[in-house]
Amino acid sequence: MRRTPILFFVVLAGLLSACAGAEPESFVDHETPEDFIVTKSQVPGIPGTFDRNHVMDDAFFAAPDAVTVAQVQAFLESTPYGRRCFLADERVNGRSAAEAIVEGSRSEGINPVVMLARMQVEKSLIAKSSRPSSSSVDYAFGCGCPDNRPCNSAYRGLDKQIACAARTLRRHYDGSADGSSPWQRGVSKRTLDPLTVTPVNHATASLYSYTPWVLEGRGGNWLVWNVTQKFGQHFQRVGADLRADGPGAAPAPANAWIGDVCTTDDQCRFGGGQSGTCQRFGTFGMCTLSCEGLCPDRAGRGTTFCVDGDLFGEPDAGGLCARQPGADNAFCAAIPGTIARSVTRHVGGSTASARTAQACVPADLDDAPADEAPPAMPPPEAPPAEQPPAEQPPAAQPPAESPPREDAPADCGGLDFLGECRGDVAWWCDAGQVRSRDCGSEGLGCGYVDANQGWYCLPRQAPPPPPAESGGCGDVDWFGECRGEVLVWCDGGRLQQVDCGASGGVCGFENEQVGYTCF
């Protein structure tokens, strides 16, 4: 642990003990290697690429009816790991495990898919075909099991673990809204990595209150994101409707605001009797209000700007309120289909002065300025023929030919969702936009995953183990030092290190109280 006064840890331990869930865990010792294979999927409510500020949508997190008991039972009978889970036969107070998980999730308003993923992240139970030790099942979610101390027997039993985990996730979700949780939407904090995270919604804040780690590619909330995406994709394959407006959708939040992602007007209730409209410009849209000159702002929700309606494909709408790019929306990345663009204020009949500012507006409208059009795609290259290194999990065999799908938009140049590899860069088409991910820059390789994901990032080797214990720190003290982009410091007589560059950060000196840290 680093860069936080001792008093904070005492308070944090109190918040996370007992039913509040386990104390911070990184999951770097996770025992299911398949969970470290990055999946490429289209699960509504789960970002297609990892964003530490936006792990999943509120509408997905708080959708208690997203899947039925029968669908969860079918999921346990045939898991994403290609084997039957022992929980398919487990009984919990006379009910099936599927019934217990769904009922416990619904009682607190949590998506059962989130709960299943949490169970896998904590103890790898979904991947197990044989029943593990009683301790693993009895403390499936780690509730009441503080680090380095025995588990509290008051929380022993799968029924109590389900209730505790769902209640904890819900309390932190609600606490993000009322300011009582350790992590809150729109408020920047340091994780235990340490990295700065600004949750864009209550779901992400709740997940960091439960597990205050990022650990991209190794554990933490990256693992929560990747496993939830894997499970959501598997449910979709067996017919579950996970859309934000599907039959299991969460109730529309009453605290939405301008710039929040939406699919229906009902999701744009701002509270206090005020409501906006959902301006759609693709699969999703954003909540907005009509405006002339000025738009209202709300504390902790960034700033807004009145733009011409034609930027949203609505030339007769006059002005519409848009969110300005900032940490609260991951600089527009948290609003699917938008980019930050310099636009002029819609003055209309107001007395507001003319002004130009950055705003999050749709990226692919016909009236986009020519100099801001997406860059031309480089000519396609054939997928690499060489086999992945021996230490990489066996790759699926690609089809002899991958014909363009009928739904592949023309503006993707014939590229479809299955995509292709160009060296160690994965390219694919998502909702009419060309996407890419530089796998090589993350220490990954690009290769064929399966018939559902196509070509995407794959690990070159198993995830690294936790740092080995050291008997001393030499000349390194708690204030630490930077070795390139690697932060090194001494904590309790053990040498600790974090590769800032691996998560897109840099190592540097903060101040005399903190010393060196990741930015």
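As the structure is a computational prediction, the values presented were derived from the model and not from experiment. Along the sequence shown, the residues carry numbers beginning at 1.
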>> Tell me whether Asn201 contacts the main-chain N or O of Thr204 through its side chain, where contact means a donor paired with an acceptor under 3.5 Å.
In response: yes
>> Quick one about Gln73 and Glu77 (side-chain donor to acceptor, distance below 3.5 Å, no hydrogens or angles considered), yes or no?
In response: yes
> Got a sec, which residues hit salt bridge (Lys or Arg N to Asp or Glu O under 4.0 Å) with Arg323, two or more places apart in sequence or on another chain?
Replying inline: Asp260, Asp328
> When you check the side-chain N and O atoms of Arg171 and Ser176, is any donor under 3.5 Å from an acceptor?
Replying inline: no
>> Restricting to side-chain contact (heavy atoms from CB on, under 4.5 Å), what partner residues turn up for Ala359, sequence neighbours left out?
In response: Val307, Ala322, Val343, Val361
>> My understanding is that only residues two or more places apart in sequence, or in another chain, count here; which of them pass salt bridge (Lys or Arg N to Asp or Glu O under 4.0 Å) with Asp35?
In response: none
> side-chain contact (heavy atoms from CB on, under 4.5 Å) with Thr79: which residues, sequence neighbours excluded?
Replying inline: Tyr81, Arg83, Cys85, Ile126
> In chain order, what residues pass the ring pair (Phe, Tyr, Trp, His ring centres under 6.0 Å) check against Phe75, with sequence neighbours excluded?
Replying inline: Phe231, His234, Phe235
> How would you list, by chain and number, every residue that makes a salt bridge (Lys or Arg N to Asp or Glu O under 4.0 Å) with Lys128, sequence neighbours excluded?
Replying inline: Glu31
> Among all residues two or more places apart in sequence or in another chain, which pass the salt bridge (Lys or Arg N to Asp or Glu O under 4.0 Å) test with Asp89?
Replying inline: Arg84
>> Using the side-chain contact (heavy atoms from CB on, under 4.5 Å) criterion, which residues pair with Ser105? Sequence neighbours excluded.
In response: Ile101, Pro112, Met115
>> Show every salt bridge (charged side-chain N to carboxylate O under 4.0 Å, His left out) that has at least one partner inside residues 91-101, sequence neighbours left out.
In response: Arg95-Glu103
>> Show every salt bridge (charged side-chain N to carboxylate O under 4.0 Å, His left out) that has at least one partner inside residues 105-115, sequence neighbours left out.
In response: Asp65-Arg106
>> Taking side-chain contact (heavy atoms from CB on, under 4.5 Å) as the definition, give me every residue that meets it alongside Arg131, ordered by chain and number, with sequence neighbours left out.
In response: Phe86, Glu90, Ser134, Val137
>> Applying side-chain hydrogen bond (donor to acceptor under 3.5 Å, both in side chains), can you list everything that pairs with Ser129, at least two apart in sequence or on another chain?
In response: none
